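When a ligand or atom number is given, it counts from 1 through the structure's own listing order. None of the values given here were measured: they were computed from a predicted structure.
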Amino acid sequence: MMRAVVYGEYGSTNALHVIDVPTPTPAADQVLVRVGATSVNSWDWDLIEGGILARLEGGLREPRRRILGIDVAGTVVGVGQHVTSFVEGDEVFGDLSGVGFGAFAEYVVAPAGALARKSPSLTFVQAAAVPHAGLLALQGLRGKRSIEPGDKVLINGAGGGVGSFAIPLARKWGAEVTGVDREEKLEAMQTWGAHHVIDYEAVDFTRTGIRYDLIFDVTSRRTVLAYPRALAVGGSSVVVGGSIPALLSTVTMGTLLTKATDRQYSVLVHRPNPDDLDQLNGFFEAGLLEPVIDSIWSLDQIRDAVQLIADGAAKGKVVVTV
Ligand SMILES: NC(=O)c1ccc[n+]([C@@H]2O[C@H](COP(=O)([O-])OP(=O)(O)OC[C@H]3O[C@@H](n4cnc5c(N)ncnc54)[C@H](OP(=O)(O)O)[C@@H]3O)[C@@H](O)[C@H]2O)c1
């Protein structure tokens, strides 16, 4: 048996309970990982709150997945018979969002192909902060057009988990970086490397007259029609998440605008994969990037840890040690 955070109804963090459940057994292509640490992502909170998009994906009336947890960093303690890439004792990390979640527990099974080796330069706490937010940042910034030195890059919603990787990455690639978030997070964004910061409650970044080569929108609240006035010729906007109208307008009108104009509009479809995690490992080992940990909690404190994300109060990543 193992301890795990289990939930059976949508609504609030009160639905989360730490109980004993059977330890999973790895299938032929899976490994069993003893979880060292995990971290909380806004997707975990979305699936607890149970909005319409979350219900469409996670179960209409009640959650299909009983154990959440996307990010895992831990040690391989069991190996399926077809797995050749890992042996017991290997330290791994990964993004389990595409393979069933489950990291809010002492043990989780995952396909070997979903995991990468953890860099020895990272602790389990640091490594657990990386996979989901780090991959979203890397894949979103890489986007349709790679960043050139001197490019003006604006990251909207940059004070949270994704921004804590996206700001230093964009800066590493030579961009002039602007971070947009709530006033309380402006200083943190500057610490992470933003040259300029904007308080979204005070200033609409699409109406400042400044045009950006890349707008990386972590949490879009605008339809795609607002972006052209803030995009330079040849520039692109990549929306990672946001409101339903914002996402729908980018997928529909954004596709037409991309065909008809000299600017590109897209929604990122994130693809967890070990190669990108290895690339991030390389940045950590070279000292070019460092996970930003807002706070560290225990499994028994999971409600408080998730509530921080629900309240938008975290600056960087909220990690849970197991
Ligand atoms: N495309 C994909 O495949 C995919 C997959 C998974 C997740 N996602 C998305 O990826 C994102 C995850 O981001 P994250 O982990 O960095 O979340 P996070 O830690 O919650 O950070 C989001 C930040 O945006 C800020 N914010 C809220 N409203 C804003 C506004 N109107 N303007 C500017 N900033 C605003 C929040 O601050 P306050 O709340 O304090 O205001 C918070 O600091 C989510 O949007 C999620 O839906 C996308």
Considering heavy atoms of the protein only, find what lies nearest to atom 20 (O) of ligand 1 and give residue, atom and distance to 0.1 Å.
Ser42 CB, 4.2 Å
Answer yes or no: does atom CD of Glu187 have more than 12 heavy-atom neighbours from other residues, nucleotides or ligands under 6.0 Å?
no
Is Ser39 reaching over with its side chain to a backbone N or O of Ala128, donor-acceptor style, under 3.5 angstrom?
yes
Measure across Ala133 and Val162 and return the closest heavy-atom pair with its distance rounded to 0.1 Å.
CB-N, 3.9 Å
Taking CD in Glu91 as the centre, count heavy atoms belonging to other residues, nucleotides or ligands within less than 6.0 Å. Is the count above 12?
yes
Nearest-neighbour protein heavy atom for atom 21 (O) of ligand 1, which is reported as residue plus atom name and distance:
Gly160 CA, 3.4 Å
Please answer whether the main-chain N or O of Val6 pairs with a side-chain N or O of His17 as donor and acceptor at a distance below 3.5 Å.
no
Can you report which non-hydrogen protein atom sits closest to atom 48 (C) of ligand 1, along with the distance?
Val240 O, 3.0 Å
Which residue in the set Val322, Val5, Leu16 passes side chain to side chain contact (heavy atoms under 4.5 Å, CB included) when paired with Phe104?
Val5
Pairing residues for Trp297 by the ring-ring contact (aromatic ring centres under 6.0 Å, His included) criterion, not counting sequence neighbours
none
Would you mind telling me which of Arg171, His196, His195 makes a side chain to side chain donor-acceptor pair (under 3.5 Å) with Glu176?
His196
I need the contact type for Arg221 against ligand 1. Using non-hydrogen atoms and a strict under-4.0 Å cut-off, is it side chain, backbone, both or neither?
side chain
For ligand 1, which is the ligand I care about here, please tell me if Tyr200 has any N or O atom under 3.5 Å from one of the ligand's N or O atoms.
yes
For Lys185, the atoms of ligand 1 under 4.0 Å from one of its heavy atoms are 36 (C), 37 (O), 38 (P), 40 (O), 42 (C), 43 (O)
What are the atoms of ligand 1, with element, lying closer than 4.0 Å to any heavy atom of Gly159?
43 (O)
How close do Thr25 and Gln30 get, counting heavy atoms only, and between which atoms?
O-OE1, 4.1 Å
For atom 13 (O) of ligand 1, find the nearest protein heavy atom and state the residue, atom name and distance (0.1 Å precision).
Val218 CG1, 3.2 Å
Tell me whether Val269 has any N or O atom under 3.5 angstrom from an N or O of ligand 1.
no
Based purely on interatomic distance, does Ala158 place a nitrogen or oxygen under 3.5 Å from a nitrogen or oxygen of ligand 1?
no
Looking at ligand 1, is there an atom of it that comes within less than 4.0 Å of some heavy atom belonging to His132?
yes
Taking everything shown except Glu57 itself, do over 12 heavy atoms lie less than 6.0 Å from its CD?
yes
Contact check: Trp43 vs ligand 1, nitrogen or oxygen atoms, below 3.5 angstrom
no
Tell me the contacting part of Asn156 for ligand 1: side chain, backbone, both, or neither, using a 4.0 Å heavy-atom threshold, strictly below.
side chain
To check your reading of the model: name the closest protein heavy atom to atom 5 (C) of ligand 1, its residue, and the distance in Å.
His270 ND1, 3.8 Å
Main-chain N/O of Val224 paired with Ser249 side-chain donor or acceptor, under 3.5 Å
yes
Atom indices of ligand 1 within 4.0 angstrom of Arg182 heavy atoms, with elements:
38 (P), 40 (O), 41 (O)
Report the part of Asn41 in contact with ligand 1, treating N, CA, C, O as backbone and CB onward as side chain, heavy atoms under 4.0 Å; options are side chain, backbone, both, neither.
neither
Between OH of Tyr10 and CG of Asp46, what distance do you get to the nearest 0.5 Å?
11.0 Å
Between Thr38 and Val72, is there a side-chain heavy-atom distance shorter than 4.5 Å?
no
Which residue holds the protein heavy atom closest to atom 15 (O) of ligand 1, what is that atom called, and what is the gap in Å?
Val162 CG2, 3.7 Å
Close-contact set for ligand 1 against Leu268 heavy atoms, below 4.0 Å:
1 (N), 2 (C), 3 (O)
Hey, is Glu184 touching ligand 1 through its side chain, its backbone, both or neither, going by heavy atoms under 4.0 Å?
neither
Of all the non-hydrogen atoms in the protein, which one sits nearest to atom 39 (O) of ligand 1, and at what distance?
Gly312 CA, 3.7 Å
For atom 22 (C) of ligand 1, what is the nearest protein heavy atom, given as residue, atom name and distance?
Gly157 O, 3.9 Å
